[in-house]
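Single-structure report; data block below.
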Amino acid sequence: MAALSHPFLSRILLSSSLLSPTSKPPSPTTKFLFSISSNPLKPLPSRKNQTQCGAIADIKASPPFDDHKDVLLDATIEEEHRGERDVADYDWTEEWYPLYLTRDVPEDAPLGLTVFDKQLVLYRDGAGELRCYQDRCPHRLAKLSEGQLIDGKLECLYHGWQFQGDGKCVKIPQLPADAKIPRSACLKTYEVRDSQGVVWVWMSQKTPPNPSKLPWFENFARPGFQDISTIHELPYDHSILLENLMDPAHIPISHDRTDWTAKREDAQALGFEVTERSNRGFAGWWGKATDQPLPNFLRFEAPCVLQNNREIVDKNGQKDYFTGLFLCRPSGQGKSMLIVRFGGTKRSPLIKLFPQWYFHQNACKVFEQDMGFLSSQNEVLIKEKVPTKELYLNLRSSDTWVAEYRKWMDKVGHGMPYHFGHSTILLPKEPAVVEHAPAGLVAGVSASAPAKGGIGSMHVPNLNNRYFRHVIHCKGCRNAVKAFQTWKIALSAIAIAMVAVAILVSGRQWKALLLVAAAACSGGAYACSAAIALNTTNFIRIHRRV
């Protein structure tokens, strides 16, 4: 899935579905502006008049007969030749990380989440306030996310210790009646903020939260702005995910015919122009190599935010604003969680004809189309243990953002638990095989998922299953699946009852009527089964089906 105009989400939702059916195609003055800003008053970047520009990169001197210099991004930049490297002070904990969509936080159970290797538990207390602690009971280290909520207090299900507010322990059932609760029986707390429909957590325990770093998305605050948002757990590293989201070149191939906007014959050379680089990210323009000027603007901002804003001006000068926002949280080695938000100030009435779960399952399909090769890419990086410049063959005409992202990692990766940069690498301290041991994996996933059920049911923890990657994290889709299951059982029972009555009655007209009604109910039950499968079954390419 690509960050800028992913075909089945951004182009459908930001172009055809969100625009009025009667609106005309954008005029030649139409602008496409893509940006992110932590300051709502920050102006959109101005567009300079200049000729087509390829990827901004230093080109290694090559012999005259080497025809690769105009095709490949150089693997070794000039600073590396001089033995220099731009390194920035960076502490990964002094950042806000996106935890969850606010609307999807369970009200009746704690939620286990991770940021890199830090395990957190998120819940709503009795007053509806969001609370976040280290996911560890101080008694015997049991996961609090396996616990329950009792009168707004978080209870550890191992021995019943209860915690509230700022992490203070307020009940220990095993204490003698005249004993006081030890002061050390308290939890490590994390600051959380609900901002524009997303729960963010400040990970530092030594530095107070920095409000200026909390992302603010101006379009989401505009009057009339509406969005379709989804959340997905994915089985590969967040850096692999961000690379994929920054890669518009793969769309025609990977997502060919997923909808009418993605066609493999449209694969072509792209043009890129990097206009900004900083310790907190980069930005620039891109488009088809034949586009003049390059129409699309991308901005990546630390630690894991990628946004694309689209500003459309009609012939009357009326502006409409559209946004594709990607919030990528590192949730452990080989794992990530992504919040996707598409929206705009203008929507087509036709979009109301489709339930939100339909758009959500389509988004799941897109991720499943990429999942196989992204997971394998993650494996290779872990096994090879070398920087990406030793492995990647980056093209100037498709991979500029990927190279920029890995070079940004070179600057700040030393301040992360682990990273894979363009010319540097910092491997995880703990081998991934330890984190992914079967027992730990099942316990970890079951604790992190707001699902009720266990081994042998649809709720069995399985990171490769669409139900566990999306449905259990999405209140709307979860309710839709439950509703379809209820209707399926009810319609099936009614159909059986009608067939039984039809056998007993003697009148032909009644028999015919009952059998027709039974057939209709059976058809309805089948439709419910199909809807359940649509929401819970992974997409498999036709040539791989057996």
Side-chain angles (χ1 to χ4, degrees), residues 1-19 32-38 40 96-105 113 192-201 214-234 238 241-242 244-246 248 281 296-301 303-312 320-329 331 336-348 351 354-367 469-471 473-477:
M1 179 171 170
L4 303 178
S5 64
H6 202 291
F8 349 102
L9 293 176
S10 65
R11 292 191 188 178
I12 287 180
L13 300 181
L14 305 187
S15 298
S16 58
S17 295
L18 293 173
L19 291 176
F32 297 94
L33 302 177
F34 296 85
S35 69
I36 178 173
S37 175
S38 57
W96 293 95
Y97 289 83
L99 280 182
Y100 226 60
L101 285 169
T102 307
R103 70 184 186 205
D104 290 327
V105 176
L113 301 166
V192 290
R193 300 279 176 87
D194 177 3
S195 177
Q196 296 182 298
V198 175
V199 180
W200 299 82
V201 62
L214 184 65
W216 174 266
F217 309 107
E218 184 175 4
N219 280 356
F220 282 78
R222 294 185 185 278
F225 191 92
Q226 300 180 62
D227 70 280
I228 293 178
S229 300
T230 64
I231 186 168
H232 307 267
E233 192 165 12
L234 299 166
H238 83 290
L241 172 61
L242 278 166
N244 181 237
L245 297 172
M246 295 174 183
N296 308 311
F297 190 84
L298 171 146
R299 185 184 295 274
F300 164 74
E301 187 165 326
C304 49
V305 177
L306 191 68
Q307 187 189 9
N308 315 283
N309 292 333
R310 180 172 181 171
E311 183 179 306
I312 295 181
D320 282 301
Y321 302 89
F322 306 97
T323 291
L325 175 63
F326 302 87
L327 309 175
C328 313
R329 171 165 53 84
S331 57
S336 56
M337 180 166 275
L338 171 66
I339 295 174
V340 185
R341 310 192 73 185
F342 286 94
T345 55
K346 193 173 186 179
R347 308 178 62 145
S348 166
I351 201 171
F354 297 90
Q356 284 212 359
W357 62 259
Y358 176 81
F359 295 109
H360 288 202
Q361 65 81 28
N362 199 53
C364 290
K365 179 180 179 181
V366 170
F367 286 110
R469 286 199 322 275
H470 170 70
V471 176
H473 296 294
C474 177
K475 188 178 296 184
C477 290

Value rounded to 0.5 Å, distance of OG in Ser336 from CG in Leu234 = 4.5 Å
What distance separates Ile231 CD1 from Cys477 SG, expressed to the nearest 0.5 Å?
-> 11.5 Å
Give the intermediate values and the outcome of side chain to side chain contact (heavy atoms under 4.5 Å, CB included) for residues Gln196 and Asn219.
-> CA-CA 10 Å; Gln196 296 182 298; Asn219 280 356; over 6 Å; no
In Å and rounded to the nearest 0.5 Å, what is the SG to CZ distance from Cys328 to Phe300?
-> 8.5 Å
Side chains of Glu233 and His470 in contact at under 4.5 Å (non-hydrogen atoms) = no
If you measure from the Lys or Arg side-chain nitrogens to the Asp or Glu carboxylate oxygens, is any gap between Arg341 and Asp227 under 4.0 Å?
-> yes
Where do Val105 and Val199 land on the side chain to side chain contact (heavy atoms under 4.5 Å, CB included) test, with the steps shown first?
-> CA-CA 9 Å; Val105 176; Val199 180; 4.2 Å; yes
Check whether NZ of the Lys or CZ of the Arg Arg222 lies under 6.0 Å from the centre of the six-membered ring of Tyr321 and within 45 degrees of that ring's axis.
-> yes
Of Phe359, Phe322, Phe326, the residue whose pairing with Phe342 passes ring pair (Phe, Tyr, Trp, His ring centres under 6.0 Å) | Phe326
Got a second to check how far Asn244's CG is from Phe367's CZ, nearest 0.5 Å?
-> 8.0 Å
Atom SG in Cys474, atom CH2 in Trp357: separation rounded to 0.5 Å?
-> 12.5 Å
Is a donor on one side and an acceptor on the other found under 3.5 Å between the side chain of Lys475 and the backbone of Arg103?
-> yes
Donor-acceptor contact present, side-chain Asn308 to main-chain Gly324, <3.5 Å | yes
Are the side chain of Arg469 and the backbone of His232 linked by a donor-acceptor contact shorter than 3.5 Å?
-> no
Which is it for Leu327 and Leu306 under the side chain to side chain contact (heavy atoms under 4.5 Å, CB included) test, yes or no, and what are the steps along the way?
-> CA-CA 7 Å; Leu327 309 175; Leu306 191 68; over 6 Å; no
From CA spacing to verdict: side chain to side chain contact (heavy atoms under 4.5 Å, CB included), Arg329, Leu99 | CA-CA 7 Å; Arg329 171 165 53 84; Leu99 280 182; 4.0 Å; yes
Expected output: side-chain Gln307 to main-chain Thr323 donor-acceptor under 3.5 Å = no
Interatomic spacing from OG in Ser331 to CE in Met337 - rounded to 0.5 Å = 6.5 Å
Considering all heavy atoms of both residues, which atom of Val305 and which atom of Trp200 are nearest to each other, and what is their separation?
-> CG2-CH2, 4.1 Å
Residue from Leu325, Thr230, Val366 passing side chain to side chain contact (heavy atoms under 4.5 Å, CB included) with Val340 = Thr230
Should the pair Phe220 and Phe225 be assigned to parallel (<30°), tilted (30 to 60°) or perpendicular (>60°) ring geometry?
-> tilted
Taking all atoms of both residues into account, what is the closest heavy-atom pair of Pro98 and Cys304, and its distance?
-> CD-SG, 3.7 Å
Aromatic centroids of Tyr100 and His473 separated by under 6.0 Å = yes
Between Leu242 and Pro303, which heavy-atom pair has the shortest distance, and what is it?
-> CD1-O, 4.5 Å
